[in-house]
Number of protein chains: 2
Amino acid sequence: MSGQSARSVTTRQYPCDKCPLRPLPTFRAFEKQELLFVSTFKKGELAVDRGATVLVEGSHSAHLYTILSGWAFRYKLLPDGRRQILNYSMPGDLIGLQGSLMGEMQHSVEALSPMLLCVFEREQLHELYRNHPGLAYDITWMASREERMLDENLLSIGRRTALERTAYLVAFISSRARGAGLNGKTSVQIPITQQHIADTLGLSLVHTNKTIRKLIDRKLIAWRDGGCEVIDHDGLKDLARWEGLGEERRPLI
Amino acid sequence: MSGQSARSVTTRQYPCDKCPLRPLPTFRAFEKQELLFVSTFKKGELAVDRGATVLVEGSHSAHLYTILSGWAFRYKLLPDGRRQILNYSMPGDLIGLQGSLMGEMQHSVEALSPMLLCVFEREQLHELYRNHPGLAYDITWMASREERMLDENLLSIGRRTALERTAYLVAFISSRARGAGLNGKTSVQIPITQQHIADTLGLSLVHTNKTIRKLIDRKLIAWRDGGCEVIDHDGLKDLARWEGLGEERRPLI
DNA sequence: CGGCCGCTTGAAGCCGATCAAACCTCGTGG
DNA sequence: CCACGAGGTTTGATCGGCTTCAAGCGGCCG
């Protein structure tokens with residue numbers, strides 16, 4: 001059973017002023033004052049294993065998180081077990097904001113790889129809004145960004161063919177991964193199984209496999225070491241008729 | 001051509017202290033100070049016709065809106081014209097927040113009925129965040145609410161059958177309509193065509209029609225006067241395996 | 001070595017798409 | 001007053017993309 005909620009609070013390895021993410025060109029710089037507040041906002045770090053459930057639908061978590069490293073996905077289930085993956089999360093993304101604002105979580109979050117999370121307390125969100133309007137604005141911005149990604153995913157599932165959808169999804173994830181600073185010298189290894197892709201795109205596993213094979217045959221992607229690798233990013237975007245992500249600088253909390 | 005951007009600024013009929021929506025039990029009350037600010041935040045009212053395009057993908061609008069009355073829908077298009085409806089909007093909902101926060105609109109908004117909108121200026125959002133943390137929190141809350149609806153819609157399109165999807169959509173819209181105070185003595189008339197439903201659910205028009213017929217035959221809904229009416233709300237929810245909306249009180253700006 | 005997980009492949013069948021046509025209502029103009 | 005056309009709904013027939021069922025393969029780990 002891989003779904004167990006294995007987790008352990010580690011000692012703090014990354015004080016906010018030595019945040020490994022903030023120096024990246026994708027992220028906006030902090031005001032000194034904001035950095036100070038976030039340092040007190042951060043309550044610790046949480047390490048979770050691959051396959052661990054970080055947050056579970058129906059719960060009322062006292063925490064929200066920023067991903068320091070690793071990948072995760074958000075999903076919902078129907079009563080009979082059908083699963084829909086809603087989106088993926090990677091370094092710099094907030095996890096659990098919906099639950100913090102509105103009370104109960106209405107989706108679950110599972111780690112796709114070992115992860116390191118910054119832990120924040122929901123309770124202090126009000127203080128953040130009261131004293132740090134810039135950060136408050138950033139949080140709304142990030143919520144809007146998530147909304148935008150969901151809009152695009154809806155368009156994809158609703159109106160693109162299986163081949164287009166798959167091309168879109170791989171291009172989308174790899175764009176985001178690059179935006180999160182995950183590009184090694186070569187292209188990114190996306191740590192997902194074909195079942196994840198199927199559950200994201202609303203397809204069956206069998207048909208997903210056959211569709212991925214077409215992308216491989218066209219030399220658009222490769223499937224290696226239990227993960228996906230992009231070979232021809234522009235080819236994927238063309239096939240999916242996708243414009244790509246705006247590459248604006250974004251906030252990090 | 002019904003897509004023209006017909007619009008006209010009317011004189012202000014509803015000062016914020018006489019807002020027809022706020023007294024409704026669905027909405028949270030304002031602090032006196034918040035009411036004052038929103039009164040200055042509101043720049044006027046905009047009346048649009050049915051079929052008018054309120055906001056268009058790719059534009060940089062200087063405004064955002066709250067719906068005073070009427071219905072609208074958000075949608076995206078693929079280059080070849082395929083349309084995906086993302087969500088519906090009704091009284092009390094914000095329109096154009098994404099665009100205000102992030103610059104460019106990445107979806108369009110079209111009126112489903114004549115509408116009356118409160119007009120706000122994007123520029124003043126920063127002032128709102130600086131001086132009214134409570135309202136800032138409310139805005140984030142509303143963005144999260146939209147995100148939640150999108151999550152549910154994704155689950156629906158990705159993993160529910162055509163019949164379940166249709167049942168879900170109708171139940172969902174009518175729940176929201178009731179939450180927006182649109183329930184007359186009888187049930188709500190939802191002012192949409194079957195083409196809208198098809199474009200929301202990722203189905204063809206023909207199949208949507210046949211699916212709707214099944215719901216009618218089962219006496220779950222009725223189709224009258226070019227609109228949809230719910231007859232058996234619980235029946236729809238059961239069929240869709242849908243839990244329903246949390247009926248929490250929500251903010252209004 | 002055996003079992004599990006993830007990937008692959010073939011065959012059969014169905015859900016929903018597409019094609020085609022007709023009908024109804026309503027507004028417009030001759 | 002009726003002819004006409006447009007938009008929306010309806011229905012039947014055929015097609016095909018995707019699902020489902022079934023089975024086998026390969027690698028990794030206890």
Side-chain angles (χ1 to χ4, degrees), chain A residues 1-4 49-51 73 78 80-85 110 112-113 156-167 169-170 189-217 221-229 239, chain B residues 1-4 49-51 78 80-85 110 112-113 156-167 169-170 189-217 221-229:
Chain A
M1 175 72 194
S2 68
Q4 56 194 315
D49 296 334
R50 182 192 131 106
F73 64 96
L78 285 174
D80 61 6
R82 282 175 282 178
R83 178 175 75 168
Q84 177 64 38
I85 295 183
E110 182 178 320
L112 274 171
S113 70
S156 205
I157 298 192
R159 287 302 178 208
R160 280 193 250 246
T161 66
L163 191 64
E164 291 169 341
R165 269 183 237 190
T166 311
L169 179 64
V170 175
Q189 266 275 352
I190 305 174
I192 57 178
T193 67
Q194 300 189 356
Q195 184 68 64
H196 290 120
I197 294 192
D199 285 349
T200 309
L201 299 179
L203 298 170
S204 71
L205 175 58
V206 172
H207 194 66
T208 299
N209 177 274
K210 287 168 183 167
T211 305
I212 288 176
R213 183 122 305 278
K214 285 185 193 166
L215 294 180
I216 295 174
D217 291 344
I221 67 172
W223 202 270
R224 280 203 270 275
D225 307 330
C228 176
E229 217 169 278
L239 178 53
Chain B
M1 175 71 192
S2 69
Q4 56 194 315
D49 296 335
R50 182 193 129 108
L78 285 173
D80 61 5
R82 281 174 283 178
R83 178 175 76 169
Q84 177 65 38
I85 295 183
E110 182 178 322
L112 274 173
S113 70
S156 204
I157 299 192
R159 288 300 178 209
R160 281 193 249 246
T161 66
L163 191 64
E164 290 169 340
R165 272 183 235 191
T166 311
L169 180 64
V170 175
Q189 265 276 352
I190 305 173
I192 57 178
T193 68
Q194 299 189 357
Q195 184 69 65
H196 290 120
I197 295 192
D199 285 350
T200 309
L201 299 180
L203 299 171
S204 73
L205 176 57
V206 173
H207 194 66
T208 300
N209 177 273
K210 287 169 182 167
T211 306
I212 288 175
R213 185 121 304 278
K214 283 184 194 166
L215 294 180
I216 295 174
D217 291 345
I221 67 172
W223 201 270
R224 281 202 270 274
D225 306 331
C228 176
E229 216 168 278

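Within every chain, numbering begins at 1; the chains are lettered A, B, ... in the order of the sequence lines, protein sequences first and strands thereafter. All values reported here derive from a predicted model rather than from experimental measurement.
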Checklist entry - Do you know which of Thr193(A), Val170(A), Ile212(A) makes side chain to side chain contact (heavy atoms under 4.5 Å, CB included) with Cys228(A)? => result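 For Cys228(A), the side chain to side chain contact (heavy atoms under 4.5 Å, CB included) test succeeds with only one of Thr193(A), Val170(A), Ile212(A), which is Val170(A).
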Next on the checklist: Using the rule side chain to side chain contact (heavy atoms under 4.5 Å, CB included), only one of Asn209(B), Thr208(B), Thr211(B), Ile85(B) pairs with Ile197(B); which is it?
Outcome noted: Thr208(B)
Roughly how many Å is it from [atom1] in [X] to [atom2] in [N], rounded to a whole number?
X         : N      : atom1 : atom2 : value
Arg224(A) : dG6(C) : CZ    : C1'   : 18 Å
Ile192(B) : dG7(D) : CD1   : C1'   : 16 Å
Asp225(B) : dG8(D) : CG    : P     : 15 Å

Checklist outcome for this item: Under a 4.0 Å heavy-atom criterion, the protein footprint on nucleotides 8-21 of chain C, written with B, S and -, is BBBB----BSBB--
Checklist outcome for this item: Contact string for nucleotides 24-30 of chain D, one letter per nucleotide 5' to 3', B = base within protein heavy-atom range under 4.0 Å, S = sugar-phosphate only, - = neither, reads -------
Distance check, rounded to the nearest 0.5 Å: [X] atom [atom1] versus [Y] atom [atom2]?
X         : Y         : atom1 : atom2 : answer
Leu205(B) : His196(B) : CG    : NE2   : 11.5 Å
Thr161(B) : Arg82(A)  : OG1   : CZ    : 6.5 Å
Ser156(A) : Leu78(B)  : OG    : CG    : 8.0 Å
His207(B) : Leu201(B) : NE2   : CG    : 10.5 Å

Item to check | End axis versus end axis in the helix from dC1(C)-dG30(D) to dG30(C)-dC1(D), the angle rounded to 10°, five pairs used at each terminus | outcome: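 Answer for the end axes of this duplex: 30°.
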